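Heads up: the structure comes next, in structure tokens.
What's counted below: heavy atoms across the whole structure, side chains too, no hydrogens, waters or symmetry copies. Every chain is numbered from 1, with letters handed out A, B, ... down the list of sequences. Because the structure is predicted, anything quoted here is derived from the model rather than measured.
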Amino acid sequence: MNAVLTTISEYFVQSIATVLFLPLWVVLMIFINSSIPFLASKKMTLNLTLGSSFLGFVFAVFSLFYCIKNPQALVENNITWMSTDFQISFGVFVDNLSALMLVFTSLICFVVQLFSFGYMKKDESFHRFYIYLNLFMFCIFGFILASNVIQSYVFLELVGVITYLLIGFWYKKRSATRAARKAFIINRIGDVCLLIGIVVLVYFSVVFNSAQNMVTLSYSTLQFAVETLYSMVSDNAYLAIGVLIFLGIMAKTAQIPMQNWIVGTIEAPAPATALMNSFGIVAVGVYLCARFYPLFILSKSLMIFITFIGIVTALIGAYVAMSQNDLRKILAYSTSSQLGVVLVGFGVGAFSASIFCFVVHGVTKALMFLVGGALITSLKNEADIRYMGACREKLPLYAFSFFIGAISLCGALFSGFYSEASLFNSVLDFGNEFLSFGFLLFVFMSAFYLFRAYFLIFEGDKKDDISQDFSEWTIKCSIVLLSLIVIFIGYILRGCFGDFIFFISPDKLNYLNLVQNVLLLFVVFGAGFIAYQLYMAQNKTYIILKEKALNKSNLPYKLSYNAFYFDKVSDWFAESLFLRLCRFFDFIEKYVIGGIFVVLALTTRVFSYIFSRSQTGNVQSYVTYSLIVLSGVLAVVAVLYILGSLMGV
Amino acid sequence: MNFLSIPVLIFSPLIVALLILSPFFPNNEIKIRRFSKAFAILHFIYSTLFLLFFNPTNFGWSYQKELTFFNVSWLKTLGITATFGMDGLSLVFVILTSFLVMLAIIASKSMIRTKHRIYYPLILILQSALLGVFCAKDVFLFFLFWELELIPMYFLISQWGDRDSSAAMKYVVYTFFGSMLMLLGMLVLYFYSFSISGVLTADIESLSMSENVFAMWFQAFIFLCLLFGFAVKLPIVPFHNWLAEAQVSSVTPVSILMAGVLLKMGGYGIIRFNIGLFPEVFSNFAPLLIILGVVNLLYGACLAIVQTDIKKIVAYFSLSSMGLVLVGLGSLSEAGFEGAVFQMVSHGLIASGLLMLVGIIYLRTKTREISALGGLSQVMPICMYLGLIICLGAIGVPLFSGFPAGFMVLVGLLLSDIEPQAFLVCMIVLCVLGAVLSAGYILRLFHKTFFGSVLSQFRADTVQIDEDGNEITVVYPKRGITKSEIVVLSLLAFAIIFFGVFPNSVLDIFEVTSDIILDFMKV
Amino acid sequence: MDFLTDIKVAFLPELIIAGFVFINIFLSLFFNKKFYKTSQWIAILGVLSAFAAIGMVQAEPTYQAFNNSLICNVYTVFFKSLILVASFFVILISHKVIKKKRAKAFEHFSILFCAILGAMLLVSANDFLSAFAALEMLGISCYLLSALLKNYRAKESSLKYLISGIVASAVFLFGVSYIYGITGTINFDNLMLALEGYQGSMLFALASIMVVSALTMRISAMPFANYVPDVYNGSSYPVGAFLSIVPVVAGFSFLSRFLLIVSPYSPALGVVIMIFALLTICYGVYGALRQTDMRRFMGYSSTIQSGFMLLVLGVVNAYNISSLLYYLICYLFMALALWAGLSMFYNSTGRDDIGAYRGVAYSRPFYTTAMIFVLMAFAGLPPTSGFLAKFFVMSAIARLGFMYIIFLLVALLLMVVGVCVYLKPLRVMFEKTSENINMPNKAVFTKITLYVCTAVTILLCLYSAKIIEFCELIAYSL
Amino acid sequence: MSVVFNIGLYHYLILALVIFCIGLWGIVVCKNIIKLLVCAEFILNAAGINFVAFASYVDVENLSGLVFSLFITIFAIAELVLGVLLLISIYKYKRSADVEKLTDMKG
């Protein structure tokens with residue numbers, strides 16, 4: 001039995017490239033399906049898509065199995081993509097990390113696709129949405145299975161493109177297209193920084209490491225490559241390369257100062273938002289960070305930089321989320337903040353805990369966004385939590401699963417407990433008081449905004465008429481499925497993570513430490529209690545406090561509500577500074593460079609006028625001109641001769 | 001392969017053009033159009049046959065043919081021969097030319113409504129000239145074809161565009177000005193190499209100044225003369241002023257040829273002449289070229305961002321893209337060189353696609369003002385999707401043809417021997433800044449035209465004036481785009497994706513040629 | 001008899017032309033009006049027979065006739081055949097003009113033949129006296145030719161031509177007289193002997209400059225070129241064609257022979273000629289830019305071309321002269337083609353302002369194609385012989401050395417303006433118009449001239465190796 | 001008898017030059033066409049004087065300068081005649097012999 005399983009898993013691993021191309025085939029099929037008017041069938045689209053993602057899941061599970069069976073075994077197949085001074089290959093690369101990511105990505109894709117059927121059924125662009133989802137699957141699988149840095153970059157940008165498409169899915173909405181464009185450009189900025197880093201890496205790999213040319217910067221040799229690099233270049237140069245690469249990761253994971261685009265993801269259809277915020281574009285960043293971990297860890301200052309960015313984003317994101325009124329915005333800022341913490345984990349050297357944390361966050365966030373999306377649709381597209389209330393009675397499933405998600409996300413119970421605790425442990429081990437305090441603050445704020453959202457939406461008075469339950473079976477099914485995953489996944493994974501996913505040597509996750517656990521729980525439930533007092537119990541003292549806090553002129557509130565004015569600053573920068581510069585160039589183009597030609601043309605005209613006017617028609621003037629020219633020439637020649645004879649030449 | 005004859009390839013469009021012009025050809029719009037379309041397709045197939053029988057590992061010229069007139073060389077006494085040759089580099093451009101001319105002629109169906117009798121022959125004459133430039137193996141033959149392109153282009157710009165002949169004149173003056181200086185350089189080069197070698201010859205390869213027989217300032221003089229001619233064509237920044245105006249005032253198929261092929265003549269000339277003949281001067285000038293390229297890149301991008309005419313945006317996009325070519329060539333490394341050539345091919349496709357989009361939009365809305373446009377996705381969705389692919393290509397997203405070029409240029413830049421390294425890194429940073437800006441203005445173009453509220457002035461039927469002054473109403477099909485337009489756009493989109501996914505399909509063709517040229521430079 | 005032998009051996013064509021002068025005069029006494037067609041045929045016959053006679057002359061080695069005042073060699077034969085070819089086509093396109101003035105048809109041709117004779121003698125002239133006589137013969141005939149139209153403008157143009165001509169002649173004579181005074185001879189061969197070892201003096205330099213600048217009158221170059229547009233404006237199209245080709249060809253033949261002898265002893269001459277040439281081009285291009293009358297335009301245009309031809313004479317060597325010869329051949333055909341095209345248009349519409357050409361491209365595409373090629377040839381664009389001709393001129397100057405590059409540069413830049421000049425009529429031809437231009441196809445000869453000369457203009461570019469070899473041969477024979 | 005003025009070649013040349021300049025001056029300045037033609041005679045004959053002078057001082061054996069001056073006279077007359085003819089026909093149109101009015105064609 002075991003032998004058979006091994007054989008099968010080996011087969012699956014070897015043909016893992018199928019996963020990559022299956023979605024493309026599905027895209028083609030959906031395209032054909034949708035363009036034949038009388039045959040177009042939504043069921044068929046759904047089945048094809050689900051089939052492909054399920055098959056992907058199966059492949060992923062068997063690969064994971066293979067990886068568990070053969071620890072530290074790599075599977076790598078490459079073909080040449082581009083060859084010049086150096087060769088760039090495309091290929092698949094399966095190790096523990098990619099197998100694990102593949103499992104979760106395909107799983108979430110499956111769930112989201114299932115959910116989307118109910119959610120998008122009535123939309124006219126149903127097929128288009130599924131095409132996008134499948135393209136997304138292609139890109140993300142390509143990214144996860146990438147065998148080298150350049151391939152990663154290629155698919156990373158493609159994921160950015162798909163994100164752009166998904167955000168701008170409802171392109172008739174101005175806000176959607178604007179958000180899409182913004183997301184794309186900010187990601188692009190990160191991407192090009194990453195590109196510079198990669199170009200420099202390629203350069204060093206070509207120059208110093210010509211034996212490795214065949215597969216430039218393959219992940220299997222990256223460790224060796226970066227060590228060589230570290231020994232070759234100065235610390236500052238190394239730091240610069242690291243920062244450039246990390247800038248790419250920052251853009252993808254929505255870190256300060258490139259976090260603003262994440263709010264734009266709410267413009268996408270809810271399932272797409274869920275995907276993007278869980279195992280979509282943000283996963284790309286985290287995964288890339290894990291892949292480049294060998295590079296980062298060599299430089300102490302780089303790690304400090306990562307930690308710093310992470311914790312600042314975590315705090316700012318959570319702080320901003322506290323005052324938001326749009327449910328989806330709360331969740332979006334929460335994503336940015338949670339990923340900050342994941343990066344903090346990387347920064348303090350807790351590789352496996354970070355990945356664990358990220359996986360748990362992914363599934364949880366997917367659940368919450370799906371619930372949120374279904375909920376908002378049920379409420380006739382009302383997204384403002386101030387106008388919701390008492391939804392628990394009518395929509396118990398949503399309330400329950402949202403609660404599960406919230407509890408898990410703030411690390412109190414279920415999966416979140418394991419991940420948060422192990423991460424906290426690592427942070428404490430790191431031994432920086434500010435960092436530990438920051439982490440606790442983050443946990444407090446996260447718990448606060450999650451409970452605030454829960455209380456405002458599902459408890460309290462009924463504030464608006466709640467419509468009927470938006471109950472497609474696929475929606476319910478997927479939410480239930482995801483809730484179950486959220487509940488159990490941490491428990492399942494808690495043991496294997498340190499053994500299975502680790503950097504260089506296994507490090508056991510340490511999530512059971514009574515003092516710390518109690519501290520965390522205390523903070524979480526403290527926040528929960530405050531939220532309860534503020535939004536449920538209507539306690540007088542708290543109300544006064546709240547009103548004081550929500551005063552329009554209160555700076556902390558304004559900062560939080562307006563997300564620290566990052567939008568405004570960047571807009572000012574783009575509008576006032578950059579566009580002015582461009583207009584200045586335009587001015588130069590029009591009047592200086594264009595003017596040269598005008599002046600030339602004018603000169604020609606003037607000359608032409610002079611010549612033509614000098615042709616007076618009077619023959620005497622002609623003779624005069626001739627004689628003037630002639631006598632002038634004669635005089636010059638004569639003078640020259642005389643001068644020549646005087647000089648004695 | 002005996003049936004692959006370069007003279008046939010080059011001169012057949014000319015002969016067909018004369019055939020259409022001759023009084024014997026039926027003066028029927030449809031017949032003329034179909035005939036030229038059929039010919040263009042056949043010509044494209046014929047040119048791909050060259051690729052089919054092309055041996056990429058072949059060292060030197062793969063196809064070579066001297067054209068004689070009654071067994072006498074063209075200008076025998078002066079050592080100037082009408083010799084055509086094709087190596088990998090030429091082949092790439094020949095196929096690009098043939099492909100884009102074919103697309104331009106297909107696109108002409110909806111874009112051109114008048115004067116078919118003259119329009120199609122002019123396009124075909126232009127094609128001959130372009131092919132001649134890419135295949136000429138003799139300096140003055142090259143110059144002849146270079147000049148030959150001028151007059152058809154003048155009429156194509158001035159007659160079928162916005163009726164603003166000043167732009168066409170500007171084009172002619174700029175180009176002719178450049179080519180006059182180029183001629184000066186060529187003549188000086190020709191006679192001085194004669195005075196050294198004692199052999200009168202104008203063969204490109206035998207004029208090379210690899211050995212240091214002349215003083216450096218003298219070589220630099222000739223180099224600059226030649227570069228000036230190409231700089232006007234490419235265009236390099238202070239000499240680019242004609243581009244935007246000529247683009248804006250010419251009709252779509254002509255702009256396609258202009259951006260797609262004409263600009264490439266400049267790049268090709270720099271490769272063949274400035275690099276091929278003056279390797280040493282070139283390596284001295286390389287940092288300057290890189291700086292010029294970066295200036296091109298950023299200046300073009302900055303201008304594109306503030307334009308309100310969508311065709312101008314595309315024109316400045318071309319300017320910006322050509323900057324990358326210059327950077328790649330200046331990097332003096334194989335990757336940079338190949339990246340530059342790849343960029344030229346890729347830009348040929350992408351710019352054509354963008355111009356086609358602009359043309360389609362202009363035909364239906366009668367405006368190119370960006371503020372007056374919007375919401376076209378709702379009336380022409382197919383156009384939007386194809387446009388999306390082209391725009392992504394323009395932005396330089398991987399797996400589209402723009403990316404491999406940019407990537408190779410960047411790596412090539414770093415791999416070059418130019419000191420100091422910090423300079424190169426600065427240039428790379430500026431180049432990628434250009435990539436960010438390109439995302440900005442291309443997305444602006446895409447969003448402002450296709451997204452937003454539906455346009456009021458969009459009409460699915462358009463009234464046009466035909467040759468006799470009658471009004472004809474052209475009704476566009478339901479999806480807002482005609483079949484010929486779909487064909488053009490989807491062929492371009494396909495090519496963009498294909499070359500993005502398989503960059504080696506292009507790189508392999510001219511790899512050996514680039515090796516030769518670069519080896520030459522290193523010696 | 002010596003005199004007769006000379007004629008028989010070397011000057012049969014001139015004799016034939018002279019004979020036809022008299023035949024025409026004779027016939028004009030008896031035939032008029034009805035026989036205007038015959039007059040054209042007779043003129044064609046005359047030119048053709050002269051052409052045939054050229055084949056019979058002894059050209060190698062140089063034959064000295066009439067006491068060495070005229071010579072006959074390959075060089076002169078070449079020029080004479082150019083003149084005869086040009087005259088042939090001019091007579092072909094004269095159809096409409098002689099139809100207009102029927103009674104004077106024979107007289108017209110007799111004057112034309114006089115001019116041809118003068119030009120041919122000028123080509124052969126081997127001393128200053130015969131050159132002067134030939135120049136005057138050519139000149140006076142040309143003054144008459146330009147006065148032939150029956151309107152005021154013709155007379156005015158003729159008078160301008162005459163007065164400019166007299167001044168030029170006087171300057172020429174003055175210069176020649178000094179040369180004569182310095183060397184004591186007017187014969188070229190003796191002059192060459194006399195100048196051997198001559199160090200050169202200021203007076204000699206001034207005299208040679210005077211002679212050269214007087215000769216620019218005949219080749220319509222600066223400083224004596226101002227009359228050109230006016231004269232062309234006042235004369236009929238065939239006469240314009242004749243004036244723009246035959247005196248130019250003859251003038252250049254004489255000028256280059258003169259320079260060959262004189263320029264080694266007059267070092268400033270080369271630079272002066274180049275300056276004259278650049279002035280001429282300048283005058284031509286800037287003047288032509290504003291023209292609306294096609295004949296005036298042609299006047300400026302022929303000065304542009306002369307300027308380019310004069311440019312190569314800055315330094316007289318075999319290569320330069322061969323490029324001049326090639327240029328002359330090309331110029332001959334393109335000028336004939338353009339004049340034919342213009343006269344064809346004028347004859348059918350009666351208008352010669354540039355606006356009349358609006359929209360020709362649409363009603364007469366083939367005609368327009370030919371005109372495009374011809375104008376491209378004038379502008380120096382490929383694939384026409386005009387391109388190669390300019391190319392040779394430029395190459396000849398580039399070949400001279402780095403010091404001459406500044407002249408080359410200026411000429412090249414002026415060529416840019418030149419392109420604008422020649423694009424102007426083309427642009428007008430392509431302008432959209434509602435009126436349909438009706439051009440009857442009756443003028444067969446004119447059409448033949450246009451298309452044949454256009455074809456030759458293009459073919460000269462392609463099949464040029466032999467022609468250039470030929471030109472070099474002739475240049476080296478000098 | 002002593003000769004006060006020994007008239008040599010240079011005197012003739014200077015005389016010719018002066019006449020030449022006077023003629024040119026006249027051509028440039030005179031308004032009347034007849035005067036213009038007379039001045040034209042001046043300049044042509046000035047050259048003739050030169051020739052005769054040179055013939056008698058330099059080229060004594062051949063005297064080709066003398067022949068030359070004869071030719072000059074002949075052609076000068078021919079041109080004069082032509083000029084007068086043209087003047088007559090112009091006068092028919094313009095009723096004036098003023099050269100400044102003959103500017104129908106210009107520019």
Quiz item: For B:Leu415, is it the side chain, the backbone, both or neither that has a heavy atom under 4.5 Å from a heavy atom of chain A?
Solution: both

Self-check item: Among A:Ala574, A:Ser83, A:Ala601, residue most engaged with chain B (heavy-atom pairs, under 4.5 Å)
Solution: A:Ser83

Practice problem: Pick one of side chain, backbone, both or neither for B:Leu433, based on which atoms fall under 4.5 Å of a heavy atom in chain A. | Solution: neither

Exercise. Below 4.5 Å from any heavy atom of chain B, which atoms of A:Val200 appear? Answer side chain, backbone, both or neither.
Key: both

Self-check item: Rounded distance [0.5 Å steps], CG in B:Leu414 versus CG in A:Leu201
Solution: 10.5 Å

Quiz prompt | Residue pairs involving residues 150-166 of chain A (criterion salt bridge (charged side-chain N to carboxylate O under 4.0 Å, His left out); sequence neighbours excluded) | solution = A:Glu157-A:Arg188

Quiz item: How many angstroms lie between atom CG of A:Leu158 and atom CG of B:Leu399, to the nearest 0.5 angstrom?
Solution: 4.5 Å

Quiz item: For B:Phe239, is it the side chain, the backbone, both or neither that has a heavy atom under 4.5 Å from a heavy atom of chain A?
Solution: neither

Practice problem: For A:Val192 and B:Ala435, work out which heavy atoms get closest and say how close. | Solution: CG1-CB, 4.1 Å

Quiz item: B:Pro404 versus chain A, heavy atoms under 4.5 Å apart: side chain, backbone, both or neither?
Solution: both

Quiz item: Of the listed residues (B:Gly412, B:Pro398, B:Gly406), which shares the most heavy-atom pairs with chain A below a 4.5 Å separation?
Solution: B:Pro398

Quiz item: Just by distance, do the side chain of A:Trp81 and the backbone of B:Val501 share a donor-acceptor pair under 3.5 Å?
Solution: yes

Self-check item: Region of A:Leu165 that comes under 4.5 Å of a non-hydrogen atom in chain B
Solution: side chain

Quiz item: chain A heavy atoms under 4.5 Å from B:Tyr385: which part of the residue, side chain, backbone, both or neither?
Solution: side chain

Quiz item: So which bits of residues 168-178 of chain A come within less than 4.5 Å of chain B, counting non-hydrogen atoms only?
Solution: A:Tyr171, A:Lys172, A:Arg174, A:Thr177

Self-check item: Stepwise side chain to side chain contact (heavy atoms under 4.5 Å, CB included) test for B:Leu413 and A:Tyr203
Solution: CA-CA 10 Å; B:Leu413 193 54; A:Tyr203 167 70; over 6 Å; no

Quiz prompt | Under 4.5 Å from a heavy atom of chain A, the part of B:Leu507 involved | solution = side chain

Exercise. Heavy-atom distances under 4.5 Å only: say whether A:Phe584 touches chain B with side chain, backbone, both or neither.
Key: neither

Quiz item: Taking B:Asn241 for the side chain and A:Phe597 for the main chain, is one N or O donor matched with an acceptor at less than 3.5 Å?
Solution: no

Quiz item: Looking at CD1 of B:Ile382 and OG of A:Ser35, how far apart are the two atoms once the value is rounded to the nearest 0.5 Å?
Solution: 9.5 Å

Practice problem: Could you tell me which portion of A:Arg128 (side chain, backbone, both or neither) has an atom closer than 4.5 angstrom to a non-hydrogen atom of chain B? | Solution: side chain

Quiz item: When heavy-atom pairs shorter than 4.5 Å are enumerated against chain A, which of B:Leu392, B:Val411, B:Leu410 gives the highest number?
Solution: B:Val411

Self-check item: Contacting region of A:Val161 [heavy-atom separation from chain B under 4.5 Å]
Solution: side chain

Quiz item: Relative to chain A, which of B:Tyr174, B:Phe450, B:Phe502 shows the most heavy atom pairs under 4.5 Å?
Solution: B:Tyr174

Quiz item: At what distance, to the nearest 0.5 angstrom, does CG of B:Leu303 lie from CZ of A:Phe587?
Solution: 13.0 Å

Self-check item: B:Phe403 portion near chain A, given a 4.5 angstrom heavy-atom threshold
Solution: side chain

Quiz item: What residue, out of B:Val425, B:Val436, B:Val429, B:Asp515, has the most heavy-atom pairs lying under 4.5 Å from chain A?
Solution: B:Val436

Quiz item: Contact part of B:Ile395 toward chain A, heavy-atom cut-off under 4.5 Å: side chain, backbone, both or neither?
Solution: both

Quiz prompt | Atom pair CD/CE of B:Glu338 and A:Met82 - distance to nearest 0.5 Å | solution = 9.0 Å

Self-check item: Side chain / backbone / both / neither for A:Ile593 at chain B, heavy atoms under 4.5 Å
Solution: both

Self-check item: Reported CD1-to-CZ distance for the pair B:Ile305 and A:Phe585, which is rounded to 0.5 angstrom
Solution: 11.0 Å

Quiz item: When heavy-atom pairs shorter than 4.5 Å are enumerated against chain A, which of B:Asp508, B:Leu437, B:Val173, B:Val432 gives the highest number?
Solution: B:Val432

